[in-house]
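Worksheet: one structure, shown below.
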Protein chains: 4
Amino acid sequence: MTKDEAIRTEVLKAARALFQRFGLFKTTMEDIAKAAGKGKSTLYYYYASKDEIFDAVISEDMEEVMTVVNLAVEKANSAEEKLKAFTSHRIKLLTQKAALYSIVFGEISENPNLIKKLKKSYEARELEGLKAILSYGIETKEFKKIEDGDLDDLAYVMLCAFRGIEMGLFEDNRIKKIGDRLEIILDLLANGFKN
Amino acid sequence: MTKDEAIRTEVLKAARALFQRFGLFKTTMEDIAKAAGKGKSTLYYYYASKDEIFDAVISEDMEEVMTVVNLAVEKANSAEEKLKAFTSHRIKLLTQKAALYSIVFGEISENPNLIKKLKKSYEARELEGLKAILSYGIETKEFKKIEDGDLDDLAYVMLCAFRGIEMGLFEDNRIKKIGDRLEIILDLLANGFKN
Amino acid sequence: MTKDEAIRTEVLKAARALFQRFGLFKTTMEDIAKAAGKGKSTLYYYYASKDEIFDAVISEDMEEVMTVVNLAVEKANSAEEKLKAFTSHRIKLLTQKAALYSIVFGEISENPNLIKKLKKSYEARELEGLKAILSYGIETKEFKKIEDGDLDDLAYVMLCAFRGIEMGLFEDNRIKKIGDRLEIILDLLANGFKN
Amino acid sequence: MTKDEAIRTEVLKAARALFQRFGLFKTTMEDIAKAAGKGKSTLYYYYASKDEIFDAVISEDMEEVMTVVNLAVEKANSAEEKLKAFTSHRIKLLTQKAALYSIVFGEISENPNLIKKLKKSYEARELEGLKAILSYGIETKEFKKIEDGDLDDLAYVMLCAFRGIEMGLFEDNRIKKIGDRLEIILDLLANGFKN
DNA sequence: CATGAATGAGTTTTCATTCAT
DNA sequence: AATGAATGAAAACTCATTCAT
């Protein structure tokens, strides 16, 4: 790693921690600079703007989550296991990389275009993954047959639901409490509530 | 309605529209004042701070949603119908009152205490409603038996999931596309994916 | 004059003095605020930006110069007298309102569009005035006949020349030295046009 | 040419292009460094400051213009021809070396002392040249007799006028339109001086 | 020789809030 | 009861310049 890259990484690390705690708006360049042990203007030597830093933080987290989740999904054998792997790994990772929460989730309705694009592209890739799992499950007859048109919507709805749940888990200290019992909940979702 | 109340209502109406479009941070007191046709400092005659205005907007929306949803739930007969009433009415209302989305959902992790409290209290009431539905369903044997300890968590997880879905629907133009087919999706969730 | 207008005038007055001495770039909002005895942010209550202040200063000066010069030109009887009135009054006024120099003249090649437009419109009006004088002189046979196509160019060249001279007079202390003998010089230049 | 000199020349070339387009203020050291294909701090190895670079650029242009113009003036036979040579060559050259315009002309009222001195010395030499032409014309009886005291002022005024015209020609696309008809215009102006 | 790295001191701008009237 | 006027504090961003290597 070049020195340049090393510093960029340091800056990102500092920024990540702050974004996680305070969000995009309430984190100032000053904050990041101090946390990184650099002068404020030094940040601008490495990144063109605050947005670009946020962008970089998110992108990094995004890639890591995608990689790990995909790997876990591949390893799983049945569709149900894949689905569980998908959700449980996402949660485990996102729990640590809560910065993602702000993009994957709310906060950013009114925000920089740059970031909106990021979100879209991330979402698209996630949807692909999820649809693949569902399709696979339908093929193997594990899952109920779903109309092709509905599959897109279902995947989207599920992704949204997962996000919502993940957000919920970040807040409070429910993470630990629920994190463990996730299995039970996933079972319920898979099998439905009805008797 | 006294004149004082009338003005407070006007201010709230203007603020609501702006919060919905631009969020808490990007909406300035200036914006609100202009939209309300008042002087900026006049706002301070009626509300102590920007936060308090946001607070008031959210509270109003909150109450309305709660009232309407609860009514619909009561009217429904079976637990499944109640659940569907809960979700579908929430979505219908929140679609119009998108300001709520920002508090019920993201954006505000880093935010004013005042608002955090609001969120908590709203959430608590929603949870009660949801748990009541689930309990009712279990009693009537419509729903599977769930451990009492798990019931809390399940309700919470479900609420989060709903929120996530609702957020997703706000974005894009998916609202219409999916809004109609919501039934199908709710069925799936109720019955599970497994064959 | 409303209080608002009074303050706007004060701000402009302070700004004008600074722009004249230090130019657009080297004059800061801080400078203007201090000179006006206001807080820096107060300026933004009255003017949206630094550019807008500069704009206002220039516009005011512009109008005044135009008005006075036009009046003097009208009063003069012969074309030659009109031409002399045009130049000598311009110089006299611009000597006091040197802020104009920066727009009428250089400094602003690379500048805000707002200001470029101002310059263009000012220039256009000046050109009209000058062309009117020349046309009048040609009609009355005072001046040599000039092709219509050339008239535009000649007026433009003359205007440029006047500007150049005006700029030159601002610098140094030549103003006084030359100002008086301006007549002689104008005579010399004018002879070229006379029949 | 030593390597050192070669690089200094490269830097100047890059800087010249930028100063011409964007002026002194809007051209940053960063810009120059990039354009020269060097590191920003490298510039400081060769030049002590931004001002010094600007200084060097102007000086070079200045010398060239002076040399060429003087040569053309010498070659011309009559005073009128000399005057025309003076103006037309200046314009031709300055058209290409527009950087000069910013010093010879406006922009720089508020500027570095270094540069003000440059301007003065350049101006002094130009004035000498112009006065020489005028004196020569008076001697040869081509031009009207002028009081010695007035000669200085006339030369100065003429120089200023030329500058103004030159500035005007740079702007717009008038250069071509007028550049050609310059003869006509010079004739008109010259008639004032001719006996 | 050359420069990557770093920054201090500024710059414009924003905005919630205050207060005299 | 209402607001015009004012602002402090902070924000993002700029840039000429320095310096260790």
Side-chain angles (χ1 to χ4, degrees), chain A residues 2-4 6-8 11 24-33 36-53, chain B residues 2-4 7 11 24-33 36-54 112, chain C residues 2-8 11 25-33 36-53, chain D residues 2-4 7 11 24-33 36-54 112:
Chain A
T2 68
K3 197 179 175 193
D4 184 280
I7 294 174
R8 289 174 71 94
V11 169
L24 173 60
F25 289 115
K26 291 291 186 189
T27 298
T28 72
M29 290 298 269
E30 188 85 43
D31 294 338
I32 299 173
K38 303 281 171 189
K40 199 195 335 180
S41 44
T42 303
L43 300 187
Y44 287 91
Y45 182 75
Y46 293 96
Y47 293 95
S49 69
K50 191 184 169 186
D51 277 1
E52 207 179 88
I53 293 179
Chain B
T2 68
K3 195 182 173 194
D4 185 281
I7 293 176
V11 169
L24 174 59
F25 286 113
K26 295 286 188 193
T27 298
T28 71
M29 290 298 268
E30 188 83 41
D31 296 336
I32 299 173
K38 301 282 168 191
K40 201 185 348 177
S41 42
T42 304
L43 301 186
Y44 287 89
Y45 184 78
Y46 293 96
Y47 293 96
S49 69
K50 191 184 172 186
D51 278 359
E52 207 178 86
I53 294 178
F54 190 67
Chain C
T2 68
K3 197 179 175 192
D4 184 282
E5 276 169 340
I7 294 174
R8 289 174 70 95
V11 169
F25 289 116
K26 292 289 187 191
T27 297
T28 73
M29 291 299 268
E30 189 84 44
D31 294 338
I32 299 174
K38 302 282 170 189
K40 200 194 332 183
S41 43
T42 303
L43 300 187
Y44 287 90
Y45 182 75
Y46 293 95
Y47 293 95
S49 69
K50 191 184 170 184
D51 277 2
E52 207 179 86
I53 294 180
Chain D
T2 68
K3 196 183 172 193
D4 185 280
I7 293 176
V11 170
L24 173 59
F25 285 114
K26 294 287 188 190
T27 298
T28 72
M29 290 297 269
E30 188 82 42
D31 295 336
I32 299 173
K38 302 283 168 189
K40 201 187 346 179
S41 42
T42 304
L43 301 185
Y44 287 89
Y45 185 77
Y46 292 97
Y47 292 96
S49 69
K50 191 185 171 185
D51 278 0
E52 207 177 87
I53 294 179
F54 189 67

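Numbers restart at 1 for each chain; the letters A, B, ... are given by sequence-line order, proteins then strands.
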| said: Applying side chain to side chain donor-acceptor pair (under 3.5 Å), can you list everything that pairs with Lys50(D), at least two apart in sequence or on another chain? | reply: none
| task | Starting from P on dA1(F), measure out to OH on Tyr44(B) and report it in whole angstrom. | result | 20 Å
| said: Restricting to side chain to side chain donor-acceptor pair (under 3.5 Å), what partner residues turn up for Ser41(A), sequence neighbours left out? | reply: none
| field | Watson-Crick or G-U pairs under 3.5 Å in DNA chain E, rendered as dot-bracket with [ ] for crossing pairs and | for another strand | value | .||||||||||||||||||||
| request: Could you tell me which residues satisfy side-chain contact (heavy atoms from CB on, under 4.5 Å) with Tyr44(C), sequence neighbours excluded, listed by chain and number? | output: Met29(C)
| task | For Glu30(B) and dT3(F), give me the distance from atom CD to atom P, rounded to whole Å. | result | 13 Å
| remark: Closest to the 5' end of DNA chain E, once Thr28(C) and Ala48(B) are matched to their nearest nucleotides, is Thr28(C)
| said: Expressed as a whole number of angstroms, how long is the span from Ile53(B):CD1 to dC15(E):P? | reply: 15 Å
Considering only nitrogen or oxygen atoms on both sides, find all protein atoms under 3.5 Å from nucleotides 5-8 of chain E and state each distance.
unit_1 : atom_1 : unit_2   : atom_2 : d
dA5(E) : OP2    : Asp4(A)  : OD2    : 3.4
dA6(E) : OP1    : Lys38(A) : NZ     : 2.9
dA6(E) : OP2    : Tyr46(A) : OH     : 2.2
dT7(E) : OP2    : Gly39(A) : N      : 2.7
dT7(E) : OP2    : Thr42(A) : OG1    : 2.4
dG8(E) : N7     : Ser41(A) : OG     : 3.3
dG8(E) : O6     : Ser41(A) : OG     : 2.3

| said: Mind checking if Thr27(B) touches a base, just sugar-phosphate, or nothing, with heavy atoms under 4.0 Å? | reply: sugar-phosphate
| said: In whole Å, I'd like the distance from the CD atom of Glu52(B) to the P atom of dT17(E). | reply: 10 Å
| Between atom CD1 in Ile32(C) and atom P in dT7(F), what is the gap in whole Å? | 15 Å
| query | When rounded to the nearest 0.5 angstrom, what is the spacing between NZ in Lys38(D) and OH in Tyr45(D)? | reply | 12.0 Å
| query | Nearest-Å distance, CG (Asp31(C)) to C1' (dT12(E))? | reply | 13 Å
| message | Between P on dT7(F) and CE on Met29(C), what's the gap in Å once rounded to a whole number? | response | 13 Å
| field | Rounded distance [0.5 Å steps], CG in Leu43(D) versus OG in Ser49(D) | value | 11.0 Å
| query | Whole Å only: how far is the CZ atom of Phe25(D) from the P atom of dT11(E)? | reply | 12 Å
| field | Partners passing side-chain contact (heavy atoms from CB on, under 4.5 Å) against Tyr47(A) (at least two apart in sequence or in another chain) | value | Arg8(A), Val11(A), Leu12(A), Glu52(A), Ile53(A), Ala56(A)
| field | Closest nucleotide among dA16(E), dA16(F), dC13(F) to the Lys50(D) side chain | value | dA16(F)
